[in-house]
Amino acid sequence: MDSQGWDDRYAASELVWGTAPNRWVVRELTGRTPGHALDLATGEGRNAIWLATQGWEVTGVDFSAVALERAERLTAELPDEVADRLTWRHGDARTHEAPTVGYDLVLVAYLQLPAADRRAALHRAAEALAPGGTLLVIGHDLSNLTEGVGGPQDPAVLLTPEDVLADLAPYGLHVVRAERVRREVDTEPGHRGGAKGVAIDTLVRLERGAA
């Protein structure tokens, strides 16, 4: 979808993704020394807000103005010391120009794009890393189409750990983790005790060498 399509989707319901951070973001980043973080395709800001509660100074970028309005509304409900760590910017992950100083963490979570667009966004993410910085990429895995539940049903926008590593090969980043992870999900949202299923995600964590 283009930015208008996402505006329409966000406008159609309240908090499309909820307010809880993604479990893999929490697993990979809990306890990390805070610094400056960039959340590309931040959506309504759930992961960026969680990072801010952990002490990170976070810039969240998304091309949906409606999503960013939601993020700003959530920010207004936060304690000042957390809200002051959050900056929201309207922009496209495929073309976003990061400050030359770079970020200690760049997060790309569930940015499901066709291969060429995905590669452009991941290149921007890698270029935004400061020396010693971490790049965390999470997305709906291609195998989820046949082995998991939920997520996009268009194989063109799904990815694999191998895709991410190939996209980022020119940058010489150190691979900490590149794997498929399984996530239990409700297949009947809103129904207490409803059926459960398993979604399969790609998770890739890389680090840029220190200067």
Side-chain angles (χ1 to χ4, degrees), residues 1-7 9-11 14-113 117-118 120-139 168 171 173 205-208 211:
M1 285 190 287
D2 59 15
S3 59
Q4 184 60 55
W6 277 107
D7 281 346
R9 180 172 182 182
Y10 283 116
E14 188 68 21
L15 293 176
V16 173
W17 314 116
T19 58
N22 173 260
R23 70 186 64 188
W24 309 127
V25 171
V26 174
R27 188 190 81 173
E28 294 297 316
L29 300 175
T30 293
R32 295 292 300 270
T33 301
H36 288 84
L38 173 65
D39 184 10
L40 282 176
T42 190
E44 295 156 318
R46 61 182 182 135
N47 293 317
I49 289 170
W50 179 80
L51 286 168
T53 68
Q54 305 300 299
W56 292 84
E57 302 280 343
V58 191
T59 298
V61 175
D62 203 277
F63 72 175
S64 169
V66 174
L68 292 176
E69 287 170 8
R70 297 266 176 86
E72 289 171 351
R73 194 184 328 157
L74 292 173
T75 303
E77 300 171 359
L78 298 170
D80 288 346
E81 65 270 20
V82 177
D84 289 347
R85 297 188 193 114
L86 287 159
T87 301
W88 306 110
R89 299 201 184 282
H90 187 253
D92 191 322
R94 298 167 295 184
T95 57
H96 179 69
E97 294 284 352
T100 54
V101 66
Y103 291 91
D104 304 298
L105 167 68
V106 178
L107 172 63
V108 183
Y110 301 98
L111 178 60
Q112 309 293 150
L113 296 170
D117 289 334
R118 180 194 69 233
L122 291 180
H123 285 190
R124 291 295 185 179
E127 290 160 4
L129 278 179
T134 293
L135 172 55
L136 180 59
V137 181
I138 304 163
L168 293 170
Y171 294 92
L173 303 176
R205 179 172 151 191
L206 308 105
E207 293 178 352
R208 184 176 179 185

field: Residue pair A37 / L51: nearest heavy atoms and the distance that separates them
entry: CB-CD1, 4.4 Å
Summary of side chain to side chain donor-acceptor pair (under 3.5 Å) pairs that have at least one residue in residues 120-133, sequence neighbours excluded: E97-R124, E127-Y171
query: What distance separates D117 CG from T95 OG1, expressed to the nearest 0.5 Å?
result: 10.5 Å
field: For A83, all residues meeting side-chain contact (heavy atoms from CB on, under 4.5 Å), sequence neighbours excluded
entry: T75, L78
message: For A128, give me all partners under side-chain contact (heavy atoms from CB on, under 4.5 Å), at least two apart in sequence or on another chain.
response: L38, A98, Y103, V106
field: Nearest-0.5 Å distance that lies between atom CG in D62 and atom CD in E44
entry: 9.0 Å
- prompt: With T134, which residues qualify under side-chain hydrogen bond (donor to acceptor under 3.5 Å, both in side chains), at least two apart?
  reply: R32
statement: Contacts of R118 meeting salt bridge (charged side-chain N to carboxylate O under 4.0 Å, His left out) (sequence neighbours excluded), chain-then-number -> D167
query: OG1 of T42 to CG of L107: how many Å apart, nearest 0.5 Å?
result: 8.0 Å
query: Hey, does the side chain of N47 reach the backbone of P21 with a donor-acceptor pair shorter than 3.5 angstrom?
result: no
message: Under the rule for side-chain contact (heavy atoms from CB on, under 4.5 Å), what residues qualify as partners of A52, not counting sequence neighbours?
response: V58, V82, R85, L86
query: For R205 and L136, which heavy atoms make the closest approach, and how far apart are they?
result: CB-CD1, 4.0 Å
message: Applying side-chain hydrogen bond (donor to acceptor under 3.5 Å, both in side chains), can you list everything that pairs with W50, at least two apart in sequence or on another chain?
response: none
query: In Å and rounded to the nearest 0.5 Å, what is the CD1 to CG distance from I49 to L74?
result: 4.5 Å
- line: d(L68 CG, R73 CZ) to nearest 0.5 Å is 12.0 Å
- request: Mind checking salt bridge (charged side-chain N to carboxylate O under 4.0 Å, His left out) for D92 and listing every partner two or more places apart, or none if nothing turns up?
  value: R94
field: Closest non-hydrogen atom pair, V108 against A125
entry: CG2-CB, 3.9 Å
- prompt: Residues in side-chain hydrogen bond (donor to acceptor under 3.5 Å, both in side chains) with R208, at least two apart?
  reply: none
query: What residues, two or more places apart in sequence or in another chain, satisfy side-chain contact (heavy atoms from CB on, under 4.5 Å) together with D84?
result: D80
query: Can you name the nearest heavy-atom pair linking A130 to G102, along with the distance?
result: CB-C, 3.8 Å
query: Which value, rounded to the nearest 0.5 Å, describes the distance between T59 atom OG1 and H96 atom NE2?
result: 7.0 Å
message: Do L29 and Q54 make a side-chain contact, defined as non-hydrogen atoms from C-beta onward lying under 4.5 Å apart?
response: no
task: Please name all residues satisfying side-chain hydrogen bond (donor to acceptor under 3.5 Å, both in side chains) with E72, sequence neighbours left out, ordered by chain then number.
output: none
message: Looking at every non-hydrogen atom in both residues, tell me the closest pair between L40 and A121 and how far apart they are.
response: CD1-O, 4.3 Å
field: L173 to A126 - nearest heavy-atom pair and separation
entry: CD1-CB, 4.3 Å
